[in-house]
Amino acid sequence: VYVFYPADRDELYVRRLMALPGDVIAITEQGVVINGEKLPSQRLSETDSLSRFTETAEGESYRIQYLNDGPPRETRTFRVPEGRYFFLGDNRDNSDDSRHWGSVPAERIVGEVVAVVPN
């Protein structure tokens with residue numbers, strides 16, 4: 001999870017780094033596919049409005065969620081250019097992330113999140 005400024009925005013964002021320069025990432029109805037490999041996921045719970053999963057990438061597991069009442073997700077594929085990085089929010093159907101504003105230039109990345117301090 002990283003802190004960065006998306007291209008053409010002056011607001012800090014915190015999102016999960018999903019793809020590196022040269023990677024091909026596809027967001028599909030079945031989940032995230034990176035360089036032809038689907039990320040493993042396991043359903044944790046489901047309500048009328050949300051489905052929660054554990055997804056695993058690079059040996060790290062984390063929780064994500066999808067909206068059940070949203071429109072069907074169409075497959076979208078992105079190739080990450082050199083010097084840029086692709087970020088996704090864990091609230092997959094309700095996140096402003098690289099699917100909307102593109103990959104992030106390396107110089108716009110502030111750093112990795114190492115701790116969260118409560119208010």
Side-chain angles (χ1 to χ4, degrees):
V1 177
Y2 284 79
V3 178
F4 58 91
Y5 292 96
D8 303 325
R9 296 190 183 196
D10 291 326
E11 182 180 353
L12 281 173
Y13 279 68
V14 176
R15 300 286 185 273
R16 189 169 302 283
L17 174 62
M18 297 299 291
L20 303 173
D23 285 346
V24 175
I25 182 169
I27 314 301
T28 73
E29 185 70 29
Q30 292 75 37
V32 176
V33 178
I34 301 174
N35 298 324
E37 298 289 325
K38 182 184 176 301
L39 296 183
S41 64
Q42 181 178 357
R43 184 183 307 273
L44 295 173
S45 65
E46 186 167 3
T47 66
D48 287 341
S49 60
L50 291 174
S51 292
R52 292 186 175 94
F53 294 83
T54 297
E55 185 175 79
T56 303
E58 302 286 322
E60 179 185 352
S61 294
Y62 45 89
R63 291 182 181 193
I64 62 169
Q65 68 181 28
Y66 291 97
L67 299 174
N68 290 337
D69 55 358
R73 289 179 293 281
E74 64 182 57
T75 296
R76 297 178 63 198
T77 302
F78 306 85
R79 179 175 298 279
V80 184
E82 288 303 315
R84 299 177 76 92
Y85 297 83
F86 194 94
F87 293 90
L88 284 178
D90 290 343
N91 187 356
R92 296 288 165 81
D93 291 328
N94 195 23
S95 179
D96 191 17
D97 54 35
S98 286
R99 293 172 292 180
H100 305 288
W101 29 255
S103 55
V104 176
E107 62 272 8
R108 306 274 295 172
I109 297 172
V110 175
E112 188 173 4
V113 173
V114 294
V116 176
V117 179
N119 291 347

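In what follows, every heavy atom counts, from backbone to side chain, and hydrogens, waters and symmetry copies are set aside. Residue numbers run from 1 in the order of the sequence given.
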Problem set entry | Pair L39-M18, side-chain contact (heavy atoms from CB on, under 4.5 Å): steps then yes or no | CA-CA 10 Å; L39 296 183; M18 297 299 291; 3.5 Å; yes

Problem set entry | side chain to side chain donor-acceptor pair (under 3.5 Å) between T75 and T28, intermediate numbers included | CA-CA 4 Å; T75 296; T28 73; 5.2 Å; no

For this session: Kindly write out the residues that satisfy side-chain hydrogen bond (donor to acceptor under 3.5 Å, both in side chains) with T54, not counting sequence neighbours, or none if the list is empty.
Result: none

Exercise. Would L88 and I27 count as a side-chain contact (heavy atoms from CB on, under 4.5 Å) if you check the C-alpha gap in whole Å, the side-chain angles of each, and the deciding distance to 0.1 Å?
Worked result: CA-CA 10 Å; L88 284 178; I27 314 301; 3.8 Å; yes

Problem set entry | Heavy-atom pair with the smallest gap, counting every atom of R92 and Y66 | CB-CE2, 3.4 Å

For this session: Please answer: with hydrophobic residues joined when any side-chain heavy atoms are less than 4.5 Å apart, are I25 and Y62 in the same cluster?
Result: yes

Exercise. What closest approach, in Å, do G89 and S95 show between heavy atoms, and which atom pair accounts for it?
Worked result: CA-OG, 3.2 Å

Exercise. Are the side chain of R108 and the backbone of Y5 linked by a donor-acceptor contact shorter than 3.5 Å?
Worked result: yes

Exercise. Going by side-chain heavy atoms closer than 4.5 Å, which hydrophobic residues are tied to V33, directly or by a chain of links?
Worked result: none

Seminar exercise, completed: Closest non-hydrogen atoms of E11 and P6, given as atom of the first, atom of the second and distance, are O-CD, 3.5 Å

Problem set entry | Matching residue for D90 among R52, R15, R16, R63 - test: side chain to side chain donor-acceptor pair (under 3.5 Å) | R16

Problem set entry | Distance-minimising heavy-atom pair for A7 and P105 | CB-CD, 4.1 Å

For this session: Determine yes or no for a side-chain-to-main-chain donor-acceptor pair under 3.5 angstrom, with N68 supplying the side chain and T47 the backbone.
Result: yes

Exercise. Using links of under 4.5 Å between side-chain heavy atoms of ILVMFWY residues, direct or through other members, which residues join Y13 in one cluster?
Worked result: Y2, F4, L17, L20, Y85, F87, W101, V104, I109

